[in-house]
There are 2 protein chains.
Amino acid sequence: MNIKDFSKKLKLSITTVSRALGGYSDVSEKTRKRIILQAKKYNYSPNPNASRLASGKSNTVGFVVSLYGLNTNTLNQAGFFEFISGMNKKLQSEDVQFFMMFANDSEEEKNAYNKLINVHKVDKIILHNLKINDERIKLLKKNNIKFVAWGRTKNLQNYSWVDLDNEGSINLIMDYLFNKNHKNIAYINIVENYNFAFQRQQAYLKSLKKNNIKFNKNNYITVKTEEPDQAALLIKKMLTKNKKITALICSTEYSAVGAIKACNSLNKKIGKDISIITFDSPVVSTLTNPLITAVSHPRDKLGLNAIEMLIEMDNKNYKHKSYLAKPKIIERGTVHKVKK
Amino acid sequence: MNIKDFSKKLKLSITTVSRALGGYSDVSEKTRKRIILQAKKYNYSPNPNASRLASGKSNTVGFVVSLYGLNTNTLNQAGFFEFISGMNKKLQSEDVQFFMMFANDSEEEKNAYNKLINVHKVDKIILHNLKINDERIKLLKKNNIKFVAWGRTKNLQNYSWVDLDNEGSINLIMDYLFNKNHKNIAYINIVENYNFAFQRQQAYLKSLKKNNIKFNKNNYITVKTEEPDQAALLIKKMLTKNKKITALICSTEYSAVGAIKACNSLNKKIGKDISIITFDSPVVSTLTNPLITAVSHPRDKLGLNAIEMLIEMDNKNYKHKSYLAKPKIIERGTVHKVKK
DNA sequence: ATATTTTACCAAAACGTTTTGGATGTCAAA
DNA sequence: TTTGACATCCAAAACGTTTTGGTAAAATAT
């Protein structure tokens, strides 16, 4: 069933059917309703390839998933599926398509963006896992592709983005710990060059300053995010060296797993002798023992807002926007109160 | 740059260019090479919407991701990304597209398949998370859509599938345990209605019989897969009731996490007093403490073979195939030898 | 030397839409 | 009664390919 047969059935022109379904005002509401009803009945829906060819618009959002680097199977994808789930709500209601590509290495990743633009002709792209400086932004701007970044570069050029409120989250954590009289708060950073990690680390330093606590380099280490065992080793070393530490802030979930191991091996009771707090994830919220107190974020809202922005961008007078997901602390008993 | 301008540049007809890139034999190898070379130079690639419209073939593989039910953020997606990674290799080289849809509930899931077929006009579909009886198979057969199942129904109708060798894996585990003199082997099943779980459980019973061990209902429980804590509770109960148990086979990774908790709370030393073995995953291989001995499978091969089959299906005389991933045991020290 | 087959190319139709630029009829204002 | 504005519809062109059904030249067979 194509538009020709369908319009013949309704004794209307092809044009009228097309414009009725397209939502144009030069079709009376009465006929429009009839057309929509009959389309359902005859199971007619416009051939998307013909539509896209004729209109020159693909109405498709592209996305490249990197299947390398971070431990792709857990951490990375955890947030990923929450994001997708949020996106999905808008996609469905707005009839926008979503096209994913996969890259097994960085060479493939570069190609993927070019393919997305030149071969698959997507209109719009969602960028994720942003680096501190991200060259993909140049590529997209050069090709005049609309995009929303999931995450931010260090220097915000003029583009739209959605992100966790990393600084706000760290502040929330720090205040939470200060309220429980923690003074010697250690920070576990990651070596990888992601901007979210940089933001968190910077916020930690800033918060120390604001609260008149001098930065102590024995309270600070940097670990590989995908290797909890390496983290465990370094954290153990740190805790042995600096016995005054009462709380550990872990920049990522995997290092929190390492922190648990380190504490266990030193026979430090988590939530009694020492506190652990991190960013929420399915890992620390369901799999670790004990479950870990964490700042949680509505990551699905990120996805939803990203798609919303991409759609709004079709308006001529769109101004770049941003969205920060609001953090909140989920207590799971791994943070204790220090006696004054 | 479209085919018209491009062919004009090369002083060739549109037809010749199209057929050269399509790999037809009515173009000399010399001109074909020239065309391919120049296409790269001028960054020409056929508009996919026009191609698909003209040819009537979408050359697209569809996939529906269910964002509900199982704990989507970890378990489910773990295998998922390995699978995708394998698929990707074939997709890239064969120039097949991959189109994903997402479903936040079972209603959306049903709609998704219909949309995939009627709206997005995909040629082929990969089915996953198969139920013991799966009604989606009927839908696809009725609509004459080519598909490969990732997993199997209980009664194999005539279709192509790829799957873990669940029976082989359980046999491998059982023999491995028997060799270490285990006799009282408990089995942790899951309540969910997935066929992989059914196959594993059946294989366990079969293996007992083959080795002349009577099934003991005190060695067998059924838990919810997404709730390690519930699993821990039930396993603890079982171990308290039946003190003779020396080994636990966990049907899924999450129940293995529960098993660890149960053993810890009973002060049973894992790998000394009691053994735990399960199916491999990023969870039990990197996150648990201790890491758990498990049967591992090359899940990326599943994806690769699935795409291979889908492509082969274009041949008129294709006969339905299947592929079983070969299991192997990864020792991580949680299985001990029992004294005779 | 002639007839036949093969090779290498091409013009035009077809795919199913959207969009442009009217056409017709109705209604209110002059 | 006439004029202009508006509402509602439509025919035809355009989008960029693939495919069909050819033709001419070259190679091969007779």
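By convention in this document, chain letters (A, B, ...) are assigned in the order of the sequence lines, proteins followed by strands, and residues within each chain are numbered from 1.
- For B:D300, the salt bridge (charged side-chain N to carboxylate O under 4.0 Å, His left out) test picks out B:K89, with sequence neighbours left out.
- The span of DNA chain D lying next to chain B, judged by atoms under 4.0 Å from heavy atoms, is bounded 5' to 3' by D:dG16 to D:dT20.
- Remark: B:K141 NZ is packed, more than 12 non-hydrogen atoms of other residues, nucleotides or ligands lying under 6.0 Å away.
- Partners of B:Y318 under the side chain to side chain donor-acceptor pair (under 3.5 Å) rule, at least two apart in sequence or in another chain, are B:S160.
- Remark: aromatic rings of B:F98 and A:F102 are close, center separation under 6.0 Å.
- The end-to-end axis angle of the helix from C:dA1-D:dT30 to C:dA30-D:dT1, rounded to 10 degrees and based on five pairs per end, is 40°.
- For A:D163, the salt bridge (charged side-chain N to carboxylate O under 4.0 Å, His left out) partners two or more places apart in sequence, or in a different chain, are A:R152.
- Listed by first then second residue, pairs satisfying salt bridge (Lys or Arg N to Asp or Glu O under 4.0 Å) with a partner in residues 41-68 of chain B number zero, not counting sequence neighbours.
- Under the 3.5 Å distance criterion, with hydrogens and angles disregarded, a donor-acceptor pair is assigned to the side chains of A:S85 and B:N104.
- Using a 4.0 Å cutoff on non-hydrogen atoms, the parts of residues 2-17 of chain B near DNA chain D are B:N2, B:I3, B:I14, B:T15, ordered by number.
- Judged as a salt bridge (Lys or Arg N to Asp or Glu O under 4.0 Å), the pairs with a partner in residues 104-119 of chain B (not counting sequence neighbours) are, in order, B:E109-B:R136.
- Between A:R19 and A:D26 there is a salt bridge, since a side-chain N of the basic residue sits under 4.0 Å from a carboxylate O of the acidic one.
- A ring pair (Phe, Tyr, Trp, His ring centres under 6.0 Å) with B:W150 is found for one member of B:F83, B:Y323, B:W161 and no other, namely B:F83.
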Between the protein and nucleotides 23-25 of chain C, which nitrogen or oxygen pairs come in under 3.5 angstrom?
none

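- Using a 4.5 Å cut-off on side-chain heavy atoms (C-beta onward), A:F63 and A:I84 make no contact.
- Between the side chain of B:S18 and the main chain of B:I14, no donor-acceptor pair closer than 3.5 Å is present.
- Listed by residue number, the members of residues 18-31 of chain B with any heavy atom below 4.0 angstrom from DNA chain D are B:S18, B:R19, B:Y24.
- For A:E29, the salt bridge (charged side-chain N to carboxylate O under 4.0 Å, His left out) test picks out A:R32, with sequence neighbours left out.
- Applying the 6.0 Å contact sphere to NZ of A:K321 captures no more than 12 heavy atoms from other residues, nucleotides or ligands.
- Scored by the salt bridge (charged side-chain N to carboxylate O under 4.0 Å, His left out) test, A:K301 finds no partners at all (sequence neighbours excluded).
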